[in-house]
Asker: 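Okay, handing you the structure first.
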Amino acid sequence: MGINVSRNADLAANEWLQRFVGRQHIAHDDEAFWNGLLNYNIVIPENSQDQLSLDSRLETLCQSFIGNNLKTGNFGSLITVFLEKATELLSLSDQESNMHVWQTFNALFIIRTLIKYINETGSEFQLLQHFEALPNAELVKAAEEQQQQQQQQVASIAIEATEQAPLAAVIVDGAKFETFIDALVNLIVVIPVKEFTYHLHLEAVNTLITLLAVHLFAQPTDKSIVFRTIYKCQHANVLMSALLHFVARMIEVPHTMFGSTSAGSFVLGIAESLLSIFTFRKQQDVLKTSNATGEELSQQFRTHYPLANQSLLLILILTNHCTAQDNAYRTSLFGCADSKDSPKQGTVSFQIDFSAVYETLCRIVTIDQATLLLYLLLHRNERFYRFVMQQQDLELLVIPILQTLYNAPDSNSHHIYMSLIVLLILSEDESFNKNVHTIMLKNISWYTERTISEISLGGILILIVIRTIQYNMLKMRDKYLHTNCLAALANMSGHFRALHPYVAQRLVSLFETLARKHSRLDAQLKEPADSAVFVNVSTTPEDMMQDLSVLEEVLRMVLEILNSCLTNQLVYCPNLVYTLLYKRSVFEGFRSHHAFQDVIQNIDMVVGFFSSRLQRVQEQRGELGVNEVLEVISKGASQWSSDRLRKFPDLKFKYVEEDAPEEFFIPYVWTLVCKYGCVHFSSESIKSVTTDIAC
């Protein structure tokens, strides 16, 4: 078959590559040359160090390419060869297409490598110039044929055959580029994913990501021809459908690139030693979701399921750019429906098995990009939101999110924020708030604050959100984080049931901790200015007043959460009543405070009612044990009427996306692409996003 297995070190001396980047024009129908060039195997870079090594070995070749291609048009010839092979794939049988897939992949890998190099070292305009460049002799020929055949596609392209030509004199109509984009989409959506086509699909997705990465290196996307071309694609629905199917199916990368060892198939067995990136040990075949951190799971996902990983990242890129205008990809994702339903015609972009999407997200939701996709679907796709609310195994989705919050020091602030927003969106549904208290969990090994043999999903959710509030108070001091935490608790508070004693303690302890902080801050502000001792010399009285105001808002919200539970669920929460009786003194300093009086009156009324009943029983029986106190509370609760309490509006909060969300999401998405993606870009060349989240 003429297989030439070449190691990275031999690339610069490869005669086929030297001819391709040289000064001689190579026609697209020169089969001998293209067969020689495209019969190679290469170890695909699996990390930034591998990419840097490959880039250094290709540097001389790429420089020659830049210097010669506008005159030779060889890149255009390669594009044409790729287009022809991609078209032919649609009509070939599996056995016939193995070699064809291999060569198509190799052509696309060279194309992507050159696109990446031009993006990192040049401009978008230069990229399009190289796509459309024709050899000098053919420029004249093309002009003559234009007069004779008005329909010839490339005849309108007039490119100066020199890279020093002024930009204004060069016309690039992008015809070949548009055709190339269509071919990539066709590869992704038309050809079924099989063992020997897996890497071709992956390369097509990676090429789209590499093209869109022009955002990292060049001008704003609203002026980008690459973005304009990709976003006017007529096949947004089928592309988004294919990408989401790739994510949902989570097909593991094959052990060989282009076929099995069955007779008649094309096998790269002789190059097995060079395929280390595609060969995996048996014990690594399954994601280790139980004990893995989000970082570890991200690496496993990228290594074992690269097509799902890259498809997920491409979905996020396509849906988060161009949000201020009609974005067909965004509309498509938000308009998809469950394939098991029969929605009205014209209202659905595409159908997909929501069960598969849900199950996959449950497996990988501890990684940033999966949390972001879950957020988009829950927030924007009403059908998917309703589907999730009907699931009987919500713990499979919620517990990994809680683990992300529990491991906050190991997560970036963006991931913590998105995880909390997901919880807030879930808490907007009353059925969710009821169901989480009926799902019982046993022996939660990852929660190490206290050994709890059994607790409801709602109970552990409350514990983790409270813990996040306290972590934020100490480390992050993010007002919006507090707001989202408290909003989720507030939405749930009217449905708190059968709270574990430890959960009740933590709820009241949250108020106690905030109350102590309020007292300290208030005392500092009341001290004379010359005698006040500030922990931070840069903290002014104005800053402290602002902190006090925020703290009072938080305290008020915690009191309203307690009040909401007592008003709606007192009979089902004896442990909370017990804790309030035990900790009644923590509210004393706030009874006369104008910001808290009305809410504390209700809590005082509950505490007073049960205190009097306990006192009467104690007078009859003597000292009571914990179980006896709870028995008195339970009996008293059956005679309690919430009509005695002052009425407050129901606590209902709804997440609303802030104005200009792209300012948050676009840098976040590209950070994930750079950090967890299979395409590795030069960090030195990136202009519009950092490769690390440090805020």
Side-chain angles (χ1 to χ4, degrees), residues 286-304 309 312 360-375 378 394-427 436 439 441-452 455-478 480-489 492 500 502-503 506 509-510 513 664 668-669 671-672 675-676 691-695:
V286 180
L287 286 181
K288 299 175 183 177
T289 57
S290 56
N291 298 315
T293 64
E295 183 79 19
E296 291 168 344
L297 192 64
S298 296
Q299 300 300 336
Q300 291 176 28
F301 187 52
R302 176 174 67 183
T303 301
H304 300 297
N309 184 63
L312 175 49
T360 294
L361 287 174
C362 287
R363 290 183 67 191
I364 63 172
V365 73
T366 50
I367 67 177
D368 287 73
Q369 53 267 46
T371 305
L372 203 44
L373 177 61
L374 176 63
Y375 159 77
L378 289 175
L394 280 169
E395 69 275 12
L396 298 181
L397 182 68
V398 175
I399 288 177
I401 297 172
L402 297 181
Q403 286 179 285
T404 296
L405 296 174
Y406 187 77
N407 297 317
D410 300 323
S411 304
N412 65 73
S413 60
H414 288 57
H415 196 195
I416 296 169
Y417 190 65
M418 294 312 304
S419 299
L420 278 171
I421 290 175
V422 167
L423 289 183
L424 174 57
I425 293 171
L426 292 174
S427 74
V436 290
I439 299 172
L441 310 171
K442 293 186 178 181
N443 301 317
I444 305 175
S445 59
W446 52 269
Y447 186 82
T448 58
E449 258 76 355
R450 177 166 173 162
T451 302
I452 302 176
I455 191 172
S456 69
L457 177 61
I460 193 68
L461 198 163
I462 295 167
L463 287 178
I464 299 302
V465 173
I466 289 173
R467 187 177 183 273
T468 304
I469 292 173
Q470 293 173 326
Y471 173 77
N472 183 48
M473 286 167 53
L474 291 172
K475 301 290 185 181
M476 297 169 66
R477 300 175 62 82
D478 184 335
Y480 292 105
L481 202 73
H482 269 344
T483 301
N484 285 304
C485 287
L486 292 166
L489 286 179
M492 297 173 62
H500 189 282
Y502 183 60
V503 176
R506 298 308 298 157
S509 292
L510 173 62
T513 302
F664 172 87
Y668 183 26
V669 167
T671 298
L672 299 180
K675 189 173 183 180
Y676 299 123
T691 54
D692 186 33
I693 301 175
C695 53

Asker: Compare all side-chain heavy atoms of T303 with those of Q300 and state whether any distance is below 4.5 angstrom.
Answerer: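 Side-chain contact under 4.5 Å: no.
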Asker: How far does CD1 of I416 sit from CG of N484, to the nearest 0.5 angstrom?
Answerer: 12.5 Å
Asker: Any chance you could measure N443, atom CG, to T451, atom OG1, to the nearest 0.5 Å?
Answerer: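 Reported value, rounded in 0.5 Å steps: 9.0 Å.
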Asker: So, using ring pair (Phe, Tyr, Trp, His ring centres under 6.0 Å) as the criterion, who are the partners of Y375 when residues are at least two apart?
Answerer: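 Counting only residues at least two positions away or on another chain, Y375 forms a ring pair (Phe, Tyr, Trp, His ring centres under 6.0 Å) with H379, Y655, F665.
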Asker: Just do the side-chain contact (heavy atoms from CB on, under 4.5 Å) check on L423 and L405 with the steps written out, would you?
Answerer: CA-CA 11 Å; L423 289 183; L405 296 174; 3.6 Å; yes
Asker: Mind checking the CD1-CD1 spacing from I439 to I455? Nearest 0.5 Å is all I need.
Answerer: 13.5 Å
Asker: For the CD1 atom of I464 and the CD1 atom of I460, what is their distance to the nearest 0.5 Å?
Answerer: 4.5 Å
Asker: Without swapping roles, check the side chain of S509 against the backbone of R506 for a donor-acceptor pair under 3.5 Å.
Answerer: no
Asker: Does the side-chain contact (heavy atoms from CB on, under 4.5 Å) test come out yes or no for V503 and I466, once each step is laid out?
Answerer: CA-CA 9 Å; V503 176; I466 289 173; 5.8 Å; no
Asker: Working to the nearest 0.5 angstrom, can you tell me the gap between L420 CG and L481 CG?
Answerer: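 One finds 5.0 Å between CG of L420 and CG of L481.
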Asker: Any idea how F664 and H414 line up, ring-wise: parallel (<30°), tilted (30 to 60°), or perpendicular (>60°)?
Answerer: parallel
Asker: If you compare all heavy atoms of V436 against all heavy atoms of S456, which two are closest, and at what distance to 0.1 Å?
Answerer: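 That would be O-CB, 3.8 Å.
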Asker: Test side-chain contact (heavy atoms from CB on, under 4.5 Å) on I452 and Y502 and set out the steps.
Answerer: CA-CA 9 Å; I452 302 176; Y502 183 60; 4.0 Å; yes
Asker: Considering non-hydrogen atoms only, spot the tightest contact between L457 and V398 and give its length.
Answerer: CD1-CG1, 4.0 Å
Asker: Should Y480 and Y417 be marked as a ring-ring contact (aromatic ring centres under 6.0 Å, His included) after you check the CA-CA gap, both sets of side-chain angles, and the distance that decides it?
Answerer: CA-CA 9 Å; Y480 292 105; Y417 190 65; 7.4 Å; no
Asker: Test of understanding: with salt bridge (charged side-chain N to carboxylate O under 4.0 Å, His left out), list the residues that count as partners of R467, not counting sequence neighbours.
Answerer: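 Scan of R467 (salt bridge (charged side-chain N to carboxylate O under 4.0 Å, His left out), adjacent residues dropped) gives E449.
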Asker: Considering all heavy atoms of both residues, which atom of L297 and which atom of R363 are nearest to each other, and what is their separation?
Answerer: CD2-O, 3.7 Å
Asker: Could you state the interatomic distance from CE (M418) to CG (N412), rounded to the nearest 0.5 Å?
Answerer: 11.0 Å
Asker: Does some side-chain heavy atom of I399 sit less than 4.5 Å from a side-chain heavy atom of L441?
Answerer: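 Yes - at least one pair of side-chain heavy atoms lies under 4.5 Å apart.
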Asker: Would you say the side chains of R302 and Q369 form a donor-acceptor pair under 3.5 Å?
Answerer: no
Asker: Please find the pair of heavy atoms, one from S427 and one from A488, that lie closest to each other, and give the distance.
Answerer: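 Looks like OG-CA, 3.6 Å.
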Asker: Between D368 and K675, is there a side-chain heavy-atom distance shorter than 4.5 Å?
Answerer: no
Asker: Looking only at heavy atoms, which two atoms of Y406 and Y447 are closest? And how far apart?
Answerer: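 Of all heavy-atom pairs spanning Y406 and Y447, the closest is CE1-CD1, 3.5 Å.
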Asker: Out of the candidates L374, T366, T371, only one should pair with I401 under the side-chain contact (heavy atoms from CB on, under 4.5 Å) rule; please name it.
Answerer: L374
Asker: Considering only heavy atoms from C-beta outward, does the side chain of F301 approach that of L312 to under 4.5 Å?
Answerer: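 They are in contact (side-chain heavy atoms under 4.5 Å apart), so the answer is yes.
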